[in-house]
Structures are given as C-alpha cells and as structure tokens.
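Atoms within a ligand are numbered from 1 in the order they appear, just like the ligands themselves. Heads up: numbering here begins at 1 and tracks the sequence.
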Amino acid sequence: MSPVVVADDVTKRYGDTVALDGVDLAIDDGEVFALIGPNGAGKTTLTRCLTGTRTPDEGAVELFGAPPGEVQADRLGLLPQDFNPPDRLTPRELVDYYAGLYDDPRDVDGLLETVGVNPEVETWYGDLSGGEQRRTCVAAALANDPSLLFVDEPTTGIDPAGRRALWRVFEDLAAAGTTVFLTTHYMAEAQRLADRVGLLADGRIVASGTPDELVAAYGGDPALDVDTDATPDDLADAGYTVEATDDGLRVQNIAPEDIGGVVDAFESRDIAFDSLSWSEPDLEDVYLALTDDPDVVDADSEEVAA
Ligand code: ADP
C-alpha cells in the first residue's frame with residue numbers, strides 16, 4: 001500500500017528563518033497522524049506545504065501520489081486554525097454554503113448530526129459556543145466527504161467537554177477510514193487520537209512512532225511522588241533513585257508492586273509523609289524530554305477564553 005501523504009526532504013525558509021529543515025514523512029491510508037511541537041517548530045508551515053498553500057524550497061510533497069495542486073478537490077478536507085466563517089449564518093446555512101461548492105456533497109443535516117450539532121438550530125454561528133463553532137467548522141470541512149482531512153489545532157480554546165465531543169467526531173472519522181493529519185498542542189489529544197505521532201522541533205522531525213513507542217523510548221520510568229519534608233539524603237541507603245521535587249521526593253522507576261517497599265523504607269526510617277502518587281510516563285513526558293518547551297498544555301486545566 002503506498003502512503004497517502006508523503007513529504008520527502010522538505011525544506012522551507014522565510015528569509016533567514018529555516019521553518020522546515022529536511023522533513024520526511026509518510027502517512028498511510030486510514031492512519032491518524034498527529035504532529036506535535038513547540039510554537040515556531042514549523043507545524044503550520046508543514047501543514048501548508050502538505051496542502052499546497054506553500055511551496056517547499058527543496059524537497060517534494062505528494063498526496064495520493066500526486067503534487068497537492070493536482071489532487072481532486074473533493075478528496076481533500078482542510079480545517080485551518082484561522083478558519084473564520086461569517087458570523088450571521090446558522091450552522092445549516094454555513095455548512096450548506098460549503099457543500100454547495102462541490103458536485104457531490106454530503107447531506108448537510110446528516111453532517112451536522114455527525115458532529116453533534118442540531119441542524120434545526122436557528123442560532124447564528126457567532127452566537128454558538130466555542131465547541132459548537134468548531135464542530136460546525138469540522139462539518140464544513142467534511143462537506144465534500146474527503147478521504148484525507150487536515151486539521152490544524154482543532155480543539156484550541158475549547159472547553160474540556162467540547163474537546164471530548166470533537167475527539168469522538170475524529171474517532172468516528174478514523175473508524176470510517178478517513179486519513180487524518182492533525183496538529184495539536186494537547187498531548188492527551190495526540191495520545192488518544194493518533195495512530196502515530198511526529199514531534200517537530202526547529203523544523204525537523206526529531207521523533208516519530210506510535211504513542212506507546214515514543215513513551216517507551218523517551219518517556220522515562222514510572223515514578224512515585226511523595227509529599228514529604230524529607231530530602232534524598234534521608235533515603236540514601238535505601239537503594240532507590242530519589243530526587244527532590246517542589247512537594248517532596250520523587251522515587252524513580254517504581255512499578256506498582258514496588259510501592260509497598262517504598263512505604264516500608266519511609267516508615268522504617270521514621271520519615272513522615274502526607275501522600276503518595278504513582279504515575280506512568282505519557283506523551284507529555286516525551287514532549288518535555290525532547291523539547292525545551294516548558295509550556296506543554298494540559299488538555300483539562302487550560303484557561304479557556306469565554
Ligand atoms: P508553528 O506552527 O509550529 O508554530 P510555523 O510554521 O508557524 O510554526 O513557523 C515556523 C517558523 O517560521 C517560525 O520561526 C515562524 O516565525 C516562521 N514563519 C512562519 N511563517 C512565516 C512567514 N510568513 N514569514 C516569515 N517567517 C515565518
């Protein structure tokens with residue numbers, strides 16, 4: 001099976017800025033690929049090169065084995081980050097407008113139902129919640145029933161419930177066989193939706209693989225965080241790798257069955273502690289290990305604009 005999306009050694013410069021520096025990528029039919037990376041890493045530029053709205057300075061891009069400009073419009077869906085449809089349209093009018101651009105569009109009411117927006121609603125787009133607006137935009141991007149969908153940060157600025165509703169939309173699309181290329185700042189989103197994740201930093205793909213592969217390779221070990229006033233020296237003879245944290249100590253490389261042993265070590269040394277929390281590494285740890293971006297976004301705790 002030949003890949004649906006290919007980037008071959010793609011380089012793109014803006015003046016002296018090297019936005020993409022030799023990016024190689026291949027995405028298979030039906031795959032959900034998530035591109036993650038800090039601001040300025042080149043995600044938008046790569047999305048634009050792949051969709052044909054930017055031309056690489058070097059290297060080549062192919063969609064369905066052809067240059068992006070030669071791909072039939074109805075095979076491709078695109079939801080850019082800054083998609084900003086007219087405010088004074090109802091969801092049905094809006095999606096109907098986009099459906100009207102194609103010869104053989106999907107049924108508008110069915111599309112709105114697919115994304116969980118009531119087609120009968122008379123509210124203008126501008127008065128919908130952020131989540132409803134984004135779901136309506138997804139419906140518009142699906143008007144031509146694309147087999148390849150590009151979505152750039154689809155859930156940014158949406159509250160956690162709205163984000164989860166959109167995740168279900170993308171999961172349904174993936175289950176129906178749509179190939180999805182997604183950029184996101186939310187590691188939980190990439191971990192949940194993506195078959196494969198690529199981490200872009202300074203214009204280069206520095207790691208790619210399934211979320212599990214990336215976590216195994218770069219995420220580090222499971223650890224036990226202990227809320228205590230003790231210092232690593234207090235446990236120096238216990239045989240653990242211990243480091244100080246803001247709230248106390250982190251005991252590294254602890255499997256669930258080792259937790260009792262750690263508790264014993266604390267108690268036998270008369271070290272007081274308030275609470276324990278065990279955690280496995282996830283994609284966020286991979287991101288932090290491979291980038292110097294301190295501002296990784298937690299999908300549930302981000303402040304959302306009203
Ligand atoms: P991301 O989407 O990961 O935040 P971008 O692709 O927007 O990254 O940007 C990558 C780099 O290219 C950044 O340094 C950005 O400032 C620069 N850049 C992007 N677009 C332009 C442009 N039109 N003109 C000049 N520099 C740009």
Check whether any side-chain N or O of Glu31 sits under 3.5 Å from a backbone N or O of Thr179 as a donor-acceptor pair, and report yes or no. no
Parallel, tilted or perpendicular: which fits the ring planes of Phe181 and Phe33, with parallel below 30° and perpendicular above 60°? parallel
Among Asp233, Asp237, Asp234, find the one that has a salt bridge (charged side-chain N to carboxylate O under 4.0 Å, His left out) with Arg269. Asp237
Are there any protein N or O atoms under 3.5 Å from the N or O atoms of ligand 1? List them with distances, or say none.
from, atom 1, to, atom 2, distance (Å)
ligand 1, 2 (O), Thr44, N, 2.8
ligand 1, 2 (O), Thr44, OG1, 2.7
ligand 1, 3 (O), Ala41, N, 3.2
ligand 1, 3 (O), Gly42, N, 3.0
ligand 1, 3 (O), Lys43, N, 2.9
ligand 1, 3 (O), Lys43, NZ, 2.8
ligand 1, 4 (O), Gly40, N, 2.7
ligand 1, 6 (O), Thr45, N, 2.9
ligand 1, 6 (O), Thr45, OG1, 2.5
ligand 1, 8 (O), Gly42, N, 3.1

Can you name the side chain to side chain contact (heavy atoms under 4.5 Å, CB included) partners of Pro80, sequence neighbours left out? Leu78, Asp82, Phe83
May I ask you to check whether Thr155 and Arg163 show a side-chain donor-acceptor distance below 3.5 Å? yes
Any donor-acceptor N/O pair, Arg13 side chain to Val18 backbone, under 3.5 Å: no
